[in-house]
Amino acid sequence: MKEELVDLLSQALQSLADAESLSLPDRIDIQLERGRGSGHGDYASNLAMRLAPVLRQNPRELATRLVAHLPVHAHIDQVEVAGPGFINFFLTQDAANAVIARIHREGREFGRSHYGRGQRVIVEFVSANPTGPLHVGHGRGAAFGAALADVLEATGHAVHREYYINDAGRQMHILAVSVLIRYLEHRGETMAFPANGYRGDYIHGIARDLEAEAGERYRITAADLAAGLPADAHAGGDKEAYIDALIERARALLGESRYEEILEAAVTAITGDIAEDLAAFGVRYDRWFSERALVRTGAVEQALEQLQAAGALYDAEGARWFRSTDYGDDKDRVVRRADGQTTYFASDIAYHLNKFERGFEQAIDVFGADHHGYMARVRASLEAFGHATDRLTFRLVQFAILYRGSERLPMSTRAGEFVTLRALREEVGNDAARFFYVMRRPEQHLDFDLELAKSQSNDNPVYYIQYAHARVCSVRRQMRERGIEHDHDNGLASVSRLDADHEQALIQSLGRYPEALESAAGNHEPHQLAAYLRDLAGAFHTYYNAHTFLVDDPDLRDARLTLIEAVRQVVRNGLDLLGVSAPDRM
RNA sequence: GCGCCCGUAGCUCAGCUGGAUAGAGCGUCGGCCUCCGAAGCCGAAGGUCGCAGGUUCGAAUCCUGCCGGGCGCACCA
């Protein structure tokens with residue numbers, strides 16, 4: 001409908017220009033927006049106001065003459081010039097009602113579009129380091145990324161969901177020795193735990209599994225392991241130096257292959273745990289992309305060579321640097337350390353290059369807000385490769401702060417007292433968690449109140465929407481109990497009976513769904529969909545309270561039942577994209 | 001110090017990429033179940049859109065500068 005109106009306006013404009021021999025600007029962007037209720041029509045255009053200064057004319061008069069040149073259209077009931085020069089379109093009731101039939105015809109497909117024109121887009125999200133279970137902060141990235149991917153897919157993008165596993169580098173070694181020490185403890189050795197180690201309970205679990213599988217295979221004595229190490233932090237030393245020495249010592253004592261086994265076991269266990277957690281949260285991926293694999297295949301070296309060839313690298317202070325300041329970064333970045341190791345950033349460069357080499361036209365990175373410093377440097381590297389930087393979009397997801405009522409819950413990873421995503425899901429359920437995570441703009445800090453998410457009360461927005469769905473189902477059950485038949489075809493034929501204000505408002509709301517979805521996708525803002533669903537549910541509940549559906553008049557009754565079934569369908573379609581269930585009863 | 005994000009009702013937030021009287025929920029106050037689920041509905045009170053400039057027909061929205069808050073600024077990942 002929107003497109004048709006744009007078309008009509010441009011015809012009118014042409015016709016007016018011909019009649020008055022006006023010289024129009026080359027490009028005219030005709031904008032149409034939804035009238036926001038109160039008497040401004042279904043659609044409004046500001047065309048006359050935008051054109052008035054260019055043509056040196058009064059906007060209202062211009063609008064009036066434009067309207068006079070508008071072709072007649074069956075779906076337009078009335079056109080009005082209002083305010084400073086808006087052209088307001090009022091659609092006929094038939095045109096508005098047509099959406100009901102369309103919803104029933106398209107069912108689960110209703111709202112889906114080709115807006116994205118099949119564009120290949122890769123969405124990378126969560127990508128938490130495999131050093132421990134996901135915590136509540138990651139949960140937001142998961143829910144947001146999943147909803148964004150689904151929304152993009154629904155609007156005609158070819159979406160690929162990917163998790164980048166940072167399974168290379170120093171932190172993996174810290175993980176390995178953390179597991180090793182717990183393992184040795186279980187075997188009766190005693191040794192102070194490194195200040196810089198991972199002390200979460202899950203480390204014990206991995207150590208125990210390792211023990212069950214391999215028995216004494218990794219047994220070394222604590223005394224051997226501790227021999228010649230510098231002082232750790234609690235002994236007044238440097239925790240970084242200590243743990244690095246510990247890693248070297250462990251590798252030497254165990255030998256490279258046994259050491260690698262421990263590391264492998266630890267990474268596999270944690271990655272598996274993360275994957276299981278996400279799957280249970282309804283978050284699925286097309287691929288888990290390993291950083292180590294990237295290093296192993298030489299992709300990192302290749303990327304560096306390409307940068308070298310482009311003259312973007314230089315050596316200084318014993319290390320090799322990427323001249324990212326040439327591309328807008330604050331400072332240049334090390335890609336190869338003085339010890340010869342490539343950095344995490346070097347892998348990241350190769351990884352992003354790889355995304356485009358795989359043929360994705362758009363890459364979207366969903367990052368935690370604490371990673372915002374990366375945007376400039378990653379973008380810089382792509383620019384150095386000659387890729388258009390607008391092909392890479394970052395979405396920063398702010399932290400979720402947990403509350404229990406008014407009490408703020410502390411969260412810290414290293415200390416091991418963090419709240420896991422799993423614990424959150426168990427406490428409030430997947431539906432509430434998924435919805436709460438995406439109901440706010442991602443840039444907005446999220447206050448996540450556990451009590452509120454759990455409460456089955458009217459201040460919980462998840463239930464409000466789900467309840468709309470359940471209520472329709474309930475009406476259906478009631479109908480059967482009373483032995484009433486719903487003649488769906490008659491309902492469709494009788495939609496003109498839906499002339500009450502509440503019904504028209506509800507129909508209008510239903511008609512907005514495809515646009516809401518498109519806007520959520522286009523702006524990468526799934527929360528718009530959440531907000532839309534709340535509005536739709538609100539319009540439905542209002543209608544429910546104002547009118548009885550199961551009336552004696554069969555035409556009216558069928559029409560109303562057909563209408564609320566359409567509501568049920570749209571609520572369900574929308575919730576589905578957000579990963580929230582649409583229960584038949586609650 | 002530099003960079004990114006955020007300041008909208010008492011609280012938590014929308015505001016659709018500049019439009020016509022700034023909207024929800026919670027909370028407060030007052031109403032609605034012999035009627036399809038009250039997990040609901042109706043009404044009232046509550047705002048200088050952080051502050052100051054600028055851009056233009058028009059600014060919560062765009063630009064600049066301040067003020068306040070969060071988060072980053074490693075040859076860690």
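Order of the sequence lines fixes the chain letters, A, B, ..., with proteins taken first and strands second; residue numbering starts at 1 for each chain.
A donor-acceptor pair shorter than 3.5 Å cannot be found between the side chains of Y351(A) and E291(A). A donor atom on one side chain and an acceptor atom on the other are found under 3.5 Å apart for R65(A) and Q57(A).
At the heavy-atom level, T548(A) lies under 4.0 Å from base atoms of the strands shown.
Side-chain proximity of D447(A) to C75(B), U12(B), C36(B): nearest is U12(B). Among the nucleotides C4(B), C16(B), C36(B), the one closest to the side chain of Q478(A) is C36(B). Closest approach to the R471(A) side chain among A38(B), A24(B), C75(B) is made by A38(B) (side chain taken as heavy atoms from C-beta onward). Comparing G15(B), G37(B), C4(B) by their closest approach to the side chain of Q528(A) singles out G15(B). For R534(A), taking side-chain heavy atoms from C-beta onward, the closest of the listed nucleotides A38(B), C75(B), G25(B) is G25(B). Taking every side-chain heavy atom of R441(A) into account, C6(B) is the closest of C6(B), C13(B), A20(B).
In this structure, R395(A) forms no cation-pi arrangement with F144(A), as its terminal cationic atom is not both closer than 6.0 Å to the ring centre and no more than 45° off the ring axis.
Summarising the geometry, the separation between OH on Y463(A) and C1' on C26(B) is reported as 17 Å, rounded to the nearest angstrom. For the pair Q444(A) CD and C4(B) P, the computed distance is 18 Å after rounding to whole Å.
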Measure all distances between protein nitrogen or oxygen atoms and nitrogen or oxygen atoms of nucleotides 70-73 of chain B, and list the pairs falling under 3.5 Å.
residue : atom : partner : partner atom : Å
C73(B)  : O3'  : K331(A) : NZ           : 3.4
C73(B)  : O2'  : K331(A) : NZ           : 2.9

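In C33(B) the base sits syn relative to the sugar, since the glycosidic angle is no further than 90° from 0.
In this structure, Y513(A) does not reach the C16(B) phosphate: none of its side-chain N or O atoms is under 4.0 Å from OP1 or OP2. Between H527(A) and C16(B) there is no side-chain N or O to OP1 or OP2 distance below 4.0 Å.
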